[in-house]
Amino acid sequence: LVKKEKTELFIVPEKFNKKKPIYISEDNIHQYLFPDCCHPIPGDDTLGYIDNNNRIEIHKRTCTIANKLKASYGNRILDVKWDMHKKMFFDATIRLGGIDRRGLVNEVTTIISNQLSVDIRKLTFTTEDGIFDGIIDLRVHDRDDVAEIIDRLKEVDDLKEISQIM
């Protein structure tokens, strides 16, 4: 999710108030675990789970693992709030599909890179029989960045499917 620094993980103390939400900021994000099952980023609806070592895992509320944890260990679930200020970057992947035409990739990359100033980490486009499929790996600040990119891409002619993978 983010570059790990030499920061100690937060260990939940014995008298920890589980009813109060925890706030994740740039200053403390490295103190929590982000399992690979659901790739939460700022802006996602998330929850915390106190694991067997009293560390806090962060999951999207829609994550299948999180749903199992809620059902089995409801007393270890915490409310999580994001308090980020667009200083850090996170990975996000968008899938595109539609009708291929000359200049389409240029139009897509211009919107993402030039108009929205978002870095593209990887770009894969394949086309067959006039239909294309594309996957774009991005570096974003939060879920709002992803939503804005998707909204802007919806304005591009011939893009028929736009969805976020992670």
Side-chain angles (χ1 to χ4, degrees), residues 1-10 21-49 55-66 78-166:
L1 177 66
V2 288
K3 193 175 129 193
K4 298 249 189 276
E5 291 179 1
K6 292 278 184 195
T7 306
E8 293 292 314
L9 289 173
F10 176 75
I22 58 169
Y23 288 87
I24 300 177
S25 67
E26 287 90 355
D27 297 330
N28 69 11
I29 192 168
H30 301 290
Q31 297 177 359
Y32 303 102
L33 299 171
F34 290 83
D36 291 333
C37 50
C38 56
H39 299 280
I41 68 171
D44 283 336
D45 189 12
T46 51
L47 59 80
Y49 164 70
R55 301 171 306 182
I56 299 176
E57 294 179 3
I58 308 299
H59 292 270
K60 289 183 186 175
R61 287 190 184 271
T62 57
C63 172
T64 55
I65 303 291
L78 306 169
D79 190 24
V80 172
K81 306 281 186 211
W82 295 98
D83 185 24
M84 304 295 275
H85 302 94
K86 293 192 180 275
K87 293 178 189 168
M88 298 178 81
F89 290 93
F90 302 87
D91 296 335
T93 303
I94 293 176
R95 170 171 269 141
L96 306 172
I99 301 165
D100 192 26
R101 65 173 161 80
R102 179 169 284 122
L104 181 68
V105 174
N106 182 47
E107 199 172 333
V108 168
T109 58
T110 297
I111 287 171
I112 294 171
S113 294
N114 295 355
Q115 294 178 19
L116 299 175
S117 298
V118 172
D119 289 335
I120 297 174
R121 291 184 44 245
K122 183 177 174 186
L123 179 68
T124 308
F125 271 72
T126 55
T127 184
E128 193 170 313
D129 298 326
I131 304 296
F132 82 89
D133 190 32
I135 295 179
I136 306 173
D137 292 342
L138 306 165
R139 298 288 285 158
V140 298
H141 291 292
D142 54 27
R143 191 63 58 211
D144 291 341
D145 284 359
V146 177
E148 183 177 359
I149 291 165
I150 289 173
D151 284 346
R152 294 288 289 279
L153 289 175
K154 285 179 181 175
E155 298 169 7
V156 175
D157 289 338
D158 301 322
L159 282 184
K160 303 300 180 195
E161 298 174 26
I162 307 167
S163 61
Q164 183 186 343
I165 299 173
M166 290 189 273

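Remember, it's a predicted structure, so these values are computed and weren't measured experimentally.
When all heavy atoms of Phe90 and Ile41 are compared, the closest pair comes out as CB-CG2, 3.6 Å. Phe34 and Tyr32 get closest at one heavy-atom pair: CD1-O, 3.6 Å. Between Val140 and Ala92, the closest heavy-atom pair is CG2-CB, 3.9 Å. Counting all heavy atoms, side chain and backbone alike, Ser25 lies closest to Asn28 at N-OD1, 2.8 Å. Here the closest heavy-atom approach between residue Asp44 and residue Pro40 is recorded as OD2-CA, 3.3 Å.
A heavy-atom distance below 4.5 Å is found between the side chains of Met84 and Glu26. Put simply, the side chain of Thr62 does not reach to within 4.5 Å of the side chain of Asp45, judged on heavy atoms. Taking the side chain as every heavy atom from C-beta outward, Leu138 and Ile120 approach each other to under 4.5 Å.
Taking CH2 of Trp82 as the start and CD1 of Ile29 as the end, the distance is 5.0 Å to the nearest 0.5 Å. Atom-to-atom distance recorded for Leu153:CG and Ile111:CD1 is 5.5 Å, nearest 0.5 angstrom. Rounded to the nearest 0.5 angstrom, Ile131 CD1 and Ile99 CD1 are separated by 6.0 Å.
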Apply side chain to side chain contact (heavy atoms under 4.5 Å, CB included) to residues Thr93 and Arg95 and explain how you reach the verdict.
CA-CA 7 Å; Thr93 303; Arg95 170 171 269 141; over 6 Å; no
Before giving the answer on salt bridge (Lys or Arg N to Asp or Glu O under 4.0 Å), spell out for Asp27 and Lys87 the whole-Å C-alpha distance, their side-chain angles and the decisive distance to 0.1 Å.
CA-CA 11 Å; Asp27 297 330; Lys87 293 178 189 168; over 6 Å; no
Could you go through the side chain to side chain contact (heavy atoms under 4.5 Å, CB included) check for Cys38 and Ile65 one step at a time?
CA-CA 9 Å; Cys38 56; Ile65 303 291; over 6 Å; no
Would you please test Ile56 and Gln31 for side chain to side chain contact (heavy atoms under 4.5 Å, CB included) and show each step?
CA-CA 8 Å; Ile56 299 176; Gln31 297 177 359; over 6 Å; no
Show your reasoning for whether side chain to side chain contact (heavy atoms under 4.5 Å, CB included) applies to Leu123 and Val105.
CA-CA 9 Å; Leu123 179 68; Val105 174; 4.0 Å; yes
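Checked against the 6.0 Å centroid threshold, His141 and Phe89 count as a close aromatic pair.
The backbone N or O of Asn106 lies less than 3.5 Å from a partner atom in the side chain of Thr109, making a donor-acceptor pair. Judged by distance alone, the side chain of His39 and the main-chain N or O of Asp36 form a donor-acceptor pair under 3.5 Å.
Within the structure, salt bridge (charged side-chain N to carboxylate O under 4.0 Å, His left out) contacts touching residues 116-125 (residues at least two apart or in different chains) are Asp91-Arg121. Within the structure, salt bridge (charged side-chain N to carboxylate O under 4.0 Å, His left out) pairs that include any residue of residues 100-116 comprise Arg101-Glu107, Arg101-Asp158 (at least two apart or interchain).
Taking a cutoff of 4.0 Å between a charged side-chain nitrogen and a carboxylate oxygen, Lys86 and Asp145 qualify as a salt bridge.
Ring orientation note: the planes of Phe125 and Phe132 are close to parallel, at an angle under 30° on the 30°/60° scale.
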Could you pull out all donor-acceptor pairs under 3.5 Å where a side-chain atom in residues 159-166 meets a protein atom, sequence neighbours excluded?
{"from": "Gln164", "atom 1": "OE1", "to": "Arg143", "atom 2": "NH1", "distance (Å)": "2.9"}
{"from": "Gln164", "atom 1": "NE2", "to": "Met166", "atom 2": "O", "distance (Å)": "2.4"}

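Of the candidates Asp83, Ile58, Thr46, Ile58 is the only one forming a side-chain contact (heavy atoms from CB on, under 4.5 Å) with Ile24.
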